[in-house]
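Please read the structure below before turning to the comments.
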2 protein chains.
Amino acid sequence: MINLTVTIKDIAKLAGVSYSTVSKALNNSPLVKEETRRKILDVACEMGYEPNLAAKQLVRKKTDVIGLMWPTIERIVLATLVTNISKAFEKTPYSMILSVDAQETAVDTFRKFQVDGMIVFGESKHMHLYDYTIPFVVYGVSESTQPLYPIIDANHEASMYKAVEHLHQLGHRQITYIGQYDKSDALQIEKVDGYVKAMKKLHLADYIHIVDSNGLNWFDGYSAIDRALESKPTAMIGGSYDLSGGMIRALQEKGFSIPHDISLISYDNIPQMANMEVPMTCIGVPVHLLAEEIVQAIIHQIESPTEEPTVKKLTPTLTIRESTGPSPEPSDS
Amino acid sequence: MINLTVTIKDIAKLAGVSYSTVSKALNNSPLVKEETRRKILDVACEMGYEPNLAAKQLVRKKTDVIGLMWPTIERIVLATLVTNISKAFEKTPYSMILSVDAQETAVDTFRKFQVDGMIVFGESKHMHLYDYTIPFVVYGVSESTQPLYPIIDANHEASMYKAVEHLHQLGHRQITYIGQYDKSDALQIEKVDGYVKAMKKLHLADYIHIVDSNGLNWFDGYSAIDRALESKPTAMIGGSYDLSGGMIRALQEKGFSIPHDISLISYDNIPQMANMEVPMTCIGVPVHLLAEEIVQAIIHQIESPTEEPTVKKLTPTLTIRESTGPSPEPSDS
DNA sequence: TTATTAATTGAAAACGTTATCAAAAGGGAG
DNA sequence: CTCCCTTTTGATAACGTTTTCAATTAATAA
């Protein structure tokens, strides 16, 4: 049982050494003899010692804490990423705290806490985070030119290419895309563009069919199916997790068997994809890798802050499960 | 612009006073003359002074920070509550940090940060949070006997009564309930029980009709409508926000007009209810009040921790919007 | 005036660490 | 046995606050 009232001095007394030696021992300094280190550690453990973060921070001027700004908590899309980032931090000396406040408030809170760095979801045009001196990285912003801050993002174009390519290799030609086509949402547009480019590259330009789901929720996918079926596709790509859930259900209700009659690939590479009504083949950067990269990026930014900011586009993975199979039609194209 | 390198001593030098006086001035101590206080505050403001939390914490042994444990971040139900709690804290001297880790990890993190208190969502049977010395309150646990820790919860039975009563007054008799009936989920069961009790109390026992939605998502509500219509109801009560969204859509697709043909009340009292396809009449504790109560409870718990823990059941509010109206049938019962 | 009290200010200790040196102990070599 | 060098340990000064109590100043009464 941890006891927060035990200090380094108590340990020193019990171990019969000076408290500066205890400090060194606890920080694995090479300056202390192995034997005494062992003894000190034993005593510390026995007393349930837990270092006082505030005291440490006061002298080190470092908190080993990173703040994650997530003002749009109601939009669940990022929840899985957040938990994965949290887990990724466990393997590092850093811990993470989360703020759900508006960006201005959040950055103030983090400054008060003196976090060593920040992770920012999306971009806020009205804020100049780089005016502050806290290192930060941004996730999920499309920016190809020289950025003002380090950006981590998935390579959506490459994702779409992999999806189309996979279906093409299985003999599919009529591959229909269902997703949101909202010009103000750069991320969605990038997916659509990626789909179009990939189809063209694979000489499937004639088969391009984009169905605007008018949203990214379950029911948007469910109700887009009728329009999608107009092109008599043998395969479909769903633009996001929730969307694909609705698509599966609608197809099954109409008597289609997946993947026998129609193959399905979904965007977003999260573990939940394996637990859907039909285990989903999906593309995208696996969310635990994404988390890992984001964590690495911010730590790098903290520890060598001088470098020029770069955009890091992560290579997506195609995760093949049971929702894709060979095209039912003879591929006589 | 805030400058974290400015200390109390810098201010003292510039203001021509001792740094202990500065400390008092900044803490609004009555021991310092108004005139000097003013001057010090001016200097502090001009220099962009921000107190060092670590130093403060070291001597005060208090952080003014409260930790919120929310391990099931993927279940969005509580997101609105979290943002409201966060906002509620803005009016207090406390700030909030969030941990999405498993309870064991979360409590360790919070201990390290030396939070003054914790808010726990739901209960974890395997953990004895009261073994630790940090004050905490629990939200959303049904427990009527003498609890081991302070509990805040909505009065679900009273909620249901208000809902049924409202519909009854509008002349409705056949009031059908759609919700999850999962025996292992105490909260859902409480709602169903509340509905049954209310119907009986209002002499509507013959009209009781419970439709198990087998879940709490949008589509669960959507697809439960057919079964609900079997009893030819003039009114329905939906067990949660998402559920009600699906119910509205299904009813509209079938050509029912709300509230002309069928009245609808939803459980959960969140602002989003006003923005649905049909602005929803709803019951439940308004989420901002709930947040307020939770915040008050943990602060109380911190500041007078000796009292016996109690269960606080909050009185629900019926918020009437456009989804309820008079029964289309003559109320000749 | 001078003594007495009240209002204001300041000096210094404390909070629990880390970090920097100086001091002590140990180990060879001459 | 002494000297020097290496290893290990310990004193002490920070870090930026709050808090306690002593010291000063101002105000009042005698």
Side-chain angles (χ1 to χ4, degrees), chain A residues 2-44 47-65 93 95 111-116, chain B residues 2-44 47-65 93 95 111-116:
Chain A
I2 286 168
N3 185 347
L4 278 180
T5 61
V6 173
T7 78
I8 224 173
K9 294 191 181 178
D10 300 321
I11 299 173
K13 218 171 288 170
L14 227 84
V17 293
S18 77
Y19 70 86
S20 47
T21 305
V22 174
S23 171
K24 284 171 206 148
L26 292 172
N27 290 296
N28 294 313
S29 159
L31 293 175
V32 44
K33 217 206 299 186
E34 180 55 28
E35 185 194 329
T36 46
R37 212 192 102 238
R38 176 123 275 136
K39 189 174 63 188
I40 289 169
L41 255 49
D42 280 353
V43 175
M47 298 182 84
Y49 171 76
E50 177 79 0
N52 183 312
L53 212 64
K56 210 171 187 165
Q57 170 179 354
L58 190 55
V59 35
R60 290 207 317 147
K61 308 200 163 276
K62 197 167 181 309
T63 51
D64 291 344
V65 172
S95 33
R111 287 174 64 77
K112 266 212 299 233
F113 276 102
Q114 296 181 77
V115 298
D116 293 341
Chain B
I2 285 169
N3 186 347
L4 278 180
T5 62
V6 173
T7 77
I8 223 173
K9 295 191 182 179
D10 299 322
I11 299 173
K13 217 171 289 170
L14 227 84
V17 291
S18 78
Y19 68 87
S20 48
T21 304
V22 174
S23 171
K24 284 171 207 149
L26 292 171
N27 290 295
N28 293 313
S29 159
L31 294 174
V32 42
K33 216 206 299 187
E34 180 55 29
E35 184 193 329
T36 47
R37 213 191 100 238
R38 174 121 278 134
K39 188 173 65 190
I40 290 169
L41 256 49
D42 281 355
V43 174
M47 298 181 85
Y49 171 77
E50 177 79 1
N52 183 312
L53 213 63
K56 210 169 186 166
Q57 169 179 355
L58 190 55
V59 35
R60 290 205 317 146
K61 307 199 161 276
K62 199 168 180 308
T63 51
D64 291 346
V65 172
S95 34
R111 288 174 64 77
K112 265 210 300 231
F113 276 102
Q114 295 180 77
V115 297
D116 293 340

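Being a predicted model, the structure only gives us computed values, none of them experimental. We name chains A, B, ... by the order of the sequence lines, and we start the count at 1 in each one.
The CG atom of B:L26 sits 13 Å away from the P atom of D:dT19 (whole-angstrom rounding). Summarising the geometry, the separation between CZ on A:F113 and P on D:dG16 is reported as 19 Å, rounded to the nearest angstrom. One atom, NZ of A:K56, and another, P of C:dG16, lie 15 Å apart when rounded to the nearest Å. Remark: P of C:dC15 and NZ of A:K9 are 7 Å apart, rounded to the nearest angstrom. The distance between atom NZ of B:K33 and atom C1' of C:dT9, rounded to the nearest whole Å, is 10 Å. For the pair A:I8 CD1 and D:dT12 P, the computed distance is 17 Å after rounding to whole Å. To the nearest angstrom, P of C:dA19 lies 12 Å from CG of A:L58. The interatomic distance linking A:Q57 (CD) with C:dC15 (C1') rounds to 14 Å, in whole Å.
The side chain of B:T7 approaches D:dG16 more closely than any other nucleotide in the set C:dG10, D:dA11, D:dG16. Of all nucleotides listed (D:dT12, D:dT19, D:dC15), D:dT19 comes nearest to the side chain of B:S20. With D:dT18, D:dG10, C:dT9 as the candidates, the nucleotide lying closest to the side chain of B:T36 is C:dT9. With distances taken from any side-chain atom of A:N52 to the nucleotides C:dA13, D:dG10, C:dT17, the minimum falls on C:dT17.
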> Which is it for A:R111 and B:E50 under the side-chain contact (heavy atoms from CB on, under 4.5 Å) test, yes or no, and what are the steps along the way?
Replying inline: CA-CA 9 Å; A:R111 287 174 64 77; B:E50 177 79 1; 5.9 Å; no
>> Please evaluate residues B:Y49 and B:I11 with respect to the criterion side-chain contact (heavy atoms from CB on, under 4.5 Å), reporting the C-alpha separation (whole Å), side-chain torsions for both, the decisive distance (0.1 Å), and the verdict.
In response: CA-CA 8 Å; B:Y49 171 77; B:I11 299 173; 3.5 Å; yes
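OP1 and OP2 of D:dA13 both lie 4.0 Å or more from every side-chain N or O belonging to A:Y19. Between B:K61 and C:dG16 there is a side-chain polar atom (N or O) within less than 4.0 angstrom of OP1 or OP2. For C:dT18, one of the phosphate oxygens OP1 or OP2 lies less than 4.0 angstrom from a side-chain nitrogen or oxygen of A:S23. Phosphate proximity of C:dG10 to B:T21: present, with a side-chain N or O under 4.0 Å from OP1 or OP2.
Taken to the nearest 0.5 Å, the CG atom of B:L26 stands 8.5 Å off from the NZ atom of B:K56. A:K9 NZ to A:S18 OG: the interatomic distance, rounded to the nearest 0.5 Å, is 11.0 Å. To the nearest 0.5 Å, atom CG of residue A:N27 and atom CZ of residue A:R60 are 8.0 Å apart.
Salt bridge A:R38/A:E35: absent, no basic N to carboxylate O contact under 4.0 Å.
At a cut-off of 3.5 angstrom, the base of D:dA11 holds no donor-acceptor pair with the side chain of A:S18.
Among A:L41, A:I8, A:T36, A:L14, the one residue that satisfies the side chain to side chain contact (heavy atoms under 4.5 Å, CB included) test with A:V22 is A:I8.
Nearest-nucleotide mapping onto DNA chain C: of A:V22 and B:V59, the residue sitting toward the 5' end is B:V59. The 5' end of DNA chain C is approached more closely, in terms of each residue's nearest nucleotide, by B:V32 than by the other of B:V32 and B:A55.
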With the criterion being N/O to N/O and under 3.5 Å, what pairs connect the protein with nucleotides 21-27 of chain C, and how long is each?
none

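A heavy-atom distance below 4.5 Å is found between the side chains of A:N52 and B:L58. Side-chain contact between B:N28 and B:R37: present, with at least one pair of heavy atoms (C-beta onward) separated by less than 4.5 Å.
Taking five base pairs at each end of the helix from C:dT1-D:dA30 to C:dG30-D:dC1 and finding the rotation axis that steps the C1' atoms of four pairs onto the next four gives two axes whose angle is 60°, to the nearest 10°.
Shown here is B:K62, whose NZ atom has more than 12 heavy atoms of other residues, nucleotides or ligands within 6.0 Å.
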